[in-house]
Amino acid sequence: MTEKYDAIVIGAGHNGLVCAALLGKAGKRVLVLEANEGVGGAAVTRPFADGYSVSACAHLLYQLQPEVTKELGLRPRLAADNIDTIVLGDGGAHVRYSADGIKGVGQEDADRYRAFQKRMQRFAGLLQTYLNKAPPRLGTRDRQSLFTLARLGLDLRMLGREHMQEFLRVIGMNIYDELVENFDSPLLKGGLSVDAVLGTHLGPRSPNTILTYLYRLAGNNGRVAVPAGGLGSVSEAIANCARDSGVTIRTGMPVSRILVDNGRVAGVETESGEQFPSLTVVSNADPKRTIMELVGARHFETRFTHRAHHIRMRGNAAKLHLALDGLPTFEGLDKKDYAERMLVAPDENYVERSFNPAKYGETSPEPVMEIVFPSFRDESLAPTGKHVLSAVVQYAPYRLKGGWTDAAREAFRQTAIRTIARYAPDIEQRIVASEMLTPADIEREFHMTGGHWHHGELTLDQFMFVRPVAGAAQYQLPLDGLFLCGAGAHPGGGVSGAPGRNAAKAILAREKAS
Amino acid sequence: MSNAEVEQRMLRSPFYPRQAELDMLSAWHGWKGYQAADAFYCEDMEYFAIRNSTGVFDLTPMTKYRITGTDALEYMDRLVTRDMRKVQPGRVAYAVWCDDQGQVIDDGTIFHLRDNEYRLCSQERHLDWLTAAAIGFDVAVTEETADVAGLAVQGPTSFSVLSNMGIKGIGELKPFGLMHADFRGSELMISRTGFTGDLGYELWIEPGKAIDLWDALFEAGKLHGIRAIGTHALNLARIEAGYLQAGNEFLPADLTVRPGRTRSPLELGLEWLVDFKKPNFNGRRALAEEKRRGSRWRLVKLDIEGNKAAHNSYIFAKAKRNRAAIGFVTSAAWSPVCKQNIAIGTVRAPHGAVGDSVWVEVYYQREMHWSRVMARATVVDKPFWFPPRRGATPPGPY
């Protein structure tokens, strides 16, 4: 037993760091224990080939909450901001859109896109208010909960009758129907489909994909940025902020269990057997791992562990990193376009079809991809004149039939490269080295159960009041002294910092109340 | 469809051939899919066999689960409200288990067979709950209702009957103890348990040896008044013993739809079974909160004046006007052995403290016409029937 801490944060993911920094600013003595050698969790920049580095999991910044940056005094350095999305078309006929406008479609589609964006932004704005608050607890007399709940009702009503009805109509819906009803351009429908399903185990025809789309917009109105130095630089900045507030961060210290004494949290033990006592433990690990592995079912009640066990969190996205000796040639793209975000999603049915095999434990033969060249505006990531391609490749189910063997990984890597070659035929000649991270690899490297980026599917049954599960939606788990602060808690995944900030507030509020 | 096919719709216990020979009433009912007898020839005579000689009740339909694995103790300890670490191998424990809201799912007996091995017996089926509870534990939960034949052998001469059968060491078996004996090459498990509140045992054996066991038992009991008994006789005995029955004194929480219709162990007089010293068990948080805030209901045992059984009666605080019911009777009977009009009921707290007088509205029928009396009743603490022989080791021969 060593120095006593007011709180121990398990995991130096960006949310864990935000939470630790805010607790530190409030005068708490905080220790952060991180399993990996560096901070950042899934928001990390690391080398993957000689001279080449990449944001190894999340690779774009579009949700970091102004509340978080303001309170921490952060000013992330951006290599590019408000980048366009280019949905790649055959023969160089691409569609290009951003939060502000659209190019490459007919006038009718363009008008409708603006109307669609306006409508979605309005709903996303409603959601945005609630990203930065703990969800109200239902069936309680707690004043804060009742107030937030009343506020939610009021905010809904304040949309106006027509918009409220529309909101209630679409919130559980699939995005496919909405897109088909609104647009003609296959590329536009394909691109927006991807925006709704990226990082999920959902296809555009799955219910609830309007919600995932709104969640994406809610972060920052759909505005996408590329941080200089990769996502790892954002984590480093938060870590520095935490250290400035007196937080101790120790890396290479995997926590093996959370110590429980007489029905309450007593500290943590690392894999090396070292114990750190503390009456408050905040887990940035995913809820399933926290509840079922780090603590263990015996310390919770049956229905609760039953729910935790059944949190849906099987990742379905793989990550492809290519080290290139030069930029590949995409037909119909200018040089500056390589700073933008490219999507492989020729139409909405392509996206749904690419999801189909995943339901049966198979990878997509024609995957959906989100491609960026982070080195294009950031020379720190690759040797001069050379480049890095970073892509999210869907779908690659965590529970692959036959398992994620080396052969399966290699086959999917080739599938992904073949898919890029459809638009950039010279891609293969440019490749110096490559890396494919399957959900199994992501689980191993980032310690996320199921390799699920969002620490649990963002669906209505795992959202707000019931995220991650009923009985744990207000950051506090039903074990005294134990809190969640990661993406598995409200509001969910993405590099937003919101769960970490909300958790810190909940911990401090609780202390004040007791 | 022939009659034979209709009968086959219910499972039959391996003891059925012998029961069918004794059956004079054809009064059967369903018990969790099994055919079980209300009574075989006369429920009064069967009842008196329990109290005066030996009654034999077929326990086979009782739901049985086997829980095995290295986490079996931890699992049981979280499942039930009492401290299972105190229940050594070779011991049996009465226990109650709750949902996360601290509401009773069921009560039953837990047999600690060996290290890492338990049998749980209950009236209702619980595979869903037990399986959900097993998540995160290294245990296997197996339904073994049909794999084990069971007989309850209850009454003052039951010890003599089993001694006559040549079971060695039966005299040393203490209440809530269990032992294993050899019966014609099979393992016979005997526990000193029962649902009658009297001296008695329960016998457990593989179904293939059921008939042999029945025959040996009845042969050994020939001169000790051994009789087969049905559910009606047993029910009267259990009311005298003050035991709860799922479906009567409480509804299993997982089968209850309406809010407020479930009961917590504290509301069922089972606080002695709830060990708040345990850091965690299912329902603990809710029960601790209930203990702090006070319970809504209280189970009462009632000694009622008069001799009309108070079936389904409302219970009142006052006999006269301006009265509202404070609760109702859940089980009632005239007790032949106690010569008492007894009942078990549920009343709203804070009514029903031991020693309180309450009023019971009894309806009864004589030659078609109904009458009503308000009978005074006293809340009592002890079971109505608790003979010294129940706890004596060795039990005396009768």
Within 6.0 angstrom of Phe276(B) CZ, more than 12 heavy atoms from elsewhere:
yes

Tell me whether Lys291(B) at atom NZ has more than 12 heavy atoms from other residues, nucleotides or ligands lying less than 6.0 Å away.
no

Part of Phe281(B) lying under 4.5 Å from any heavy atom of chain A
backbone

Using a 6.0 Å cut-off, check whether atom CZ of Arg264(A) has over 12 heavy atoms from anything other than its own residue.
yes

Test your reading of the model: is there a side-chain donor-acceptor pair from Glu301(A) to the backbone of Gly283(B), 3.5 Å cut-off?
yes

More than 12 foreign heavy atoms under 6.0 Å from CZ of Arg510(A): is that the case here?
no

Keeping Arg285(B) on the side-chain end and Pro478(A) on the backbone end, is there a donor-acceptor pair under 3.5 Å?
yes

State whether the number of non-hydrogen atoms from other residues, nucleotides or ligands found under 6.0 Å of Arg314(A) atom CZ is greater than 12.
no

Above 12 or not: heavy atoms from other molecules or residues under 6.0 Å from CZ of Arg261(B)?
no

Given a strict heavy-atom distance threshold of 4.5 Å, which part of Asp71(B) is in contact with chain A: side chain, backbone, both, or neither?
side chain

Between Thr302(A) and Asn282(B), which heavy-atom pair has the shortest distance, and what is it?
N-OD1, 2.5 Å

Which atoms of Arg78(B) are under 4.5 Å from chain A, going by heavy atoms: the side chain, the backbone, both sets, or neither?
side chain

Enclosure of Lys359(A) NZ (heavy-atom neighbours >12, cutoff 6.0 Å)
yes

CZ (Arg307(A)) and CG (Asp100(B)) are apart, to the nearest 0.5 Å, by 6.5 Å

Val260(A), Thr305(A), Ile291(A), Asp261(A): which one forms the most heavy-atom pairs within less than 4.5 Å of chain B?
Thr305(A)

Identify the heavy atoms of Ala297(A) and Gly136(B) that sit nearest to each other, and give their distance.
CB-CA, 4.0 Å

Just checking heavy atoms, which of residues 119-132 of chain B are less than 4.5 Å from chain A?
Asp128(B), Trp129(B), Ala132(B)

Nearest heavy-atom approach of Pro279(B) to Gly263(A) is CB-N, 3.4 Å

Would you say that Asp77(B) contacts Arg298(A) through its side chain, given a criterion of any heavy-atom pair below 4.5 Å between the two side chains?
no

Donor-acceptor pair, Asn280(B) side chain versus Phe300(A) backbone, under 3.5 Å?
yes

